[in-house]
2 protein chains.
Amino acid sequence: MIKSVDKALRLLEILSQSDRPMRLRDIAEASELTRSNAFRMLQTLRDLGYVAQVGDGSHYDLTLKIFEIGARKVASNALVSVAHPVLQRLSERVSENVMLSVREGLTSVVLDRIESRAFVRTFAYLGARAPLHAVSGGKVLLAWAPDEVIRAMAADLPRFTEATITDPDRLAQEVETIRAQGYATAIHEINDAARGVAVPIRSLHGDVVAALSISGPMEDMDAALIARFVAELQDHAARIERTWTGAA
Amino acid sequence: MIKSVDKALRLLEILSQSDRPMRLRDIAEASELTRSNAFRMLQTLRDLGYVAQVGDGSHYDLTLKIFEIGARKVASNALVSVAHPVLQRLSERVSENVMLSVREGLTSVVLDRIESRAFVRTFAYLGARAPLHAVSGGKVLLAWAPDEVIRAMAADLPRFTEATITDPDRLAQEVETIRAQGYATAIHEINDAARGVAVPIRSLHGDVVAALSISGPMEDMDAALIARFVAELQDHAARIERTWTGAA
DNA sequence: TTGTTTTGTTCTACTATTCAGAACGAAAAC
DNA sequence: GTTTTCGTTCTGAATAGTAGAACAAAACAA
């Protein structure tokens with residue numbers, strides 16, 4: 001473990017978590033580095049173009065270089081470019097947030113999203129990471145993940161709300177249900193405002209590679225609405241699969 | 001300049017530019033590090049969660065952690081969250097790619113975009129960086145940038161196509177035109193397929209903080225179409241400004 | 001104002017960290 | 001079956017990185 005690298009990346013993470021530029025003092029404190037050390041790190045990061053000194057120079061902020069690098073990675077993913085127009089179409093049809101997520105370890109990450117134009121919106125931000133068991137997209141990704149992933153997940157089920165699945169047996173049962181019905185729902189399991197429905201997107205080989213989901217407050221979500229959403233999701237997932245496997 | 005940090009970030013950049021996982025050998029070569037050095041770097045980056053060994057372990061790939069960090073930075077930008085639903089609405093109305101960009105130094109960076117559902121698409125990917133003088137959004141950002149930015153840009157105008165503005169006087173004139181008419185166009189100036197139209201988005205103080213643009217092949221783009229696009233862009237830019245300044 | 005504290009930045013001397021290169025076995029190429 | 005290439009480990013050398021002191025400037029207090 002190269003310590004300087006660890007420190008530098010820690011600084012980038014800290015800066016990304018702040019919604020405003022930070023002073024050296026606070027960066028040093030948050031990162032548990034000495035001021036002189038943090039200073040030198042920030043100079044380096046500035047020279048490399050990852051950080052900028054803003055205002056009178058006493059505050060540091062991330063530049064967009066990190067965003068550029070991360071987004072480039074995702075943009076080069078053929079699935080995302082194929083899916084984006086389909087997400088847009090779906091978004092128009094359901095008037096809710098729609099998201100495309102993939103699994104990484106025991107979390108799901110939102111690769112692309114279209115936010116609803118409705119006034120009330122929940123957070124559907126790009127890059128958002130959530131534990132697999134608490135969001136609809138995550139559940140789909142979990143249900144078709146290798147057994148060891150399911151076991152590892154079951155070993156630690158953090159609770160977010162009353163409705164979060166925290167019992168391993170409940171989780172196993174939920175996984176069964178999802179596999180059988182072909183879609184997952186999550187109702188107030190990550191927070192008290194969010195509901196979601198998700199279906200899998202499969203590769204040519206049948207592997208589940210991503211989840212397509214609808215999310216939002218959806219206060220009127222009953223069985224009929226779920227059925228409609230599932231039908232839309234499956235239709236659009238199939239469109240993505242067709243274009244993707246056709247193109248690849 | 002802390003060398004290890006430079007090296008580590010170089011590796012991340014190299015990996016982000018590859019559309020497939022890379023072998024140690026090739027990473028070492030591309031980064032001009034010795035194999036043993038690259039190896040150690042990659043181990044560190046793996047332990048920190050930025051890189052994963054994939055396949056049989058002989059290939060390295062970026063995880064989504066960088067994407068998460070970069071996207072978090074952008075998501076915390078109030079303008080982007082306000083603008084997204086407006087982009088979507090605009091996209092529906094014009095059936096072309098729409099983009100939101102900001103200036104960083106002498107380049108523009110795409111913070112958000114909706115890709116056209118039309119079959120033919122040009123590249124409108126997230127995080128895309130372009131020199132200010134060669135894209136419509138960049139031109140808008142340039143036209144209202146501080147004088148020293150315009151001077152610095154004029155000092156070096158890289159050519160991409162026949163149509164690229166490479167003469168400083170032409171650029172000065174173009175800036176005048178853009179300020180006068182309130183919008184910018186770019187026709188085959190970054191590549192031979194792309195056309196764009198852009199308008200500024202202003203803060204409460206009247207500063208231009210971003211550009212809203214429409215881009216695509218748009219082979220039928222004549223004066224009438226430009227006029228229609230400009231009207232749509234200005235309407236939607238005003239929507240963004242209203243919501244944003246109202247919320248902020 | 002004047003005095004006090006905090007902050008960003010520079011410097012230096014120490015030493016722990018990092019590096020290149022050699023060396024290895026395994027795998028791939030021929 | 002032989003040769004080359006590759007990922008990985010190791011080691012001693014030295015360089016790069018660190019903490020802490022020191023300082024000037026700014027912020028704050030009285």
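Just so it is clear, the structure is predicted and the values come from calculations on it, not from any experiment. The sequence lines fix the lettering, A, B, ..., with proteins before strands; numbering per chain opens at 1.
Distance A:L33 CG to D:dG20 P: 13 Å, rounded to the nearest Å. Between B:Q43 atom CD and D:dT8 atom P there is a gap of 7 Å when expressed in whole angstrom units. We find that CG of B:L24 is positioned 7 Å from P of D:dT8, with the value rounded to whole Å. In this entry the distance linking CE of B:M22 with C1' of D:dG7 reads 15 Å, nearest Å. The separation between B:I27 atom CD1 and D:dT8 atom C1' is 14 Å, rounded to whole Å. A:F39 places its CZ atom 15 Å from the C1' atom of D:dA19, with the value rounded to the nearest Å. With rounding to whole Å, B:D26 atom CG is found 13 Å from D:dG7 atom C1'.
Toward the 5' end of DNA chain D, the nearer of the two residues A:K3 and A:R35, judged by each one's closest nucleotide, is A:K3. Judged by closest nucleotide on DNA chain C, A:R23 is the one of A:I2 and A:R23 placed further toward the 5' end.
Taking only side-chain nitrogens and oxygens, B:R25 comes nearer than 4.0 Å to OP1 or OP2 of D:dC6. In terms of phosphate contacts, A:T34 brings a side-chain nitrogen or oxygen within less than 4.0 Å of OP1 or OP2 of D:dA19. Between A:K7 and D:dT18, a side-chain N or O to OP1/OP2 separation shorter than 4.0 Å is present.
B:R25 places no side-chain N or O within 3.5 Å of a backbone atom of B:I27 that could act as its donor or acceptor partner. The main-chain N or O of B:G49 is found under 3.5 Å from a side-chain atom of B:T63 such that the two form a donor-acceptor pair. A donor-acceptor pair under 3.5 Å links the side-chain atoms of A:E104 to the main chain of B:L64, judged by distance alone. A donor-acceptor contact shorter than 3.5 Å links the side chain of B:T44 to the backbone of B:R40.
Reading DNA chain C from its 5' end, the first and the last nucleotide to sit under 4.0 Å from a heavy atom of chain A are C:dT7 to C:dC19.
Listed by chain and number, the residues in a side-chain contact (heavy atoms from CB on, under 4.5 Å) with B:N77 are B:L79, B:V80, B:L111 (sequence neighbours excluded).
A donor N or O paired with an acceptor N or O is not found under 3.5 Å between the base of D:dG17 and the side-chain atoms of A:S4.
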(request) Any chance you could lay out the salt bridge (Lys or Arg N to Asp or Glu O under 4.0 Å) test for A:R179 and A:E176, step after step, and finish with the verdict? (result) CA-CA 5 Å; A:R179 283 184 187 157; A:E176 280 311 310; 3.6 Å; yes
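Side-chain atoms of B:T166 and B:R159 include a donor-acceptor pair closer than 3.5 Å.
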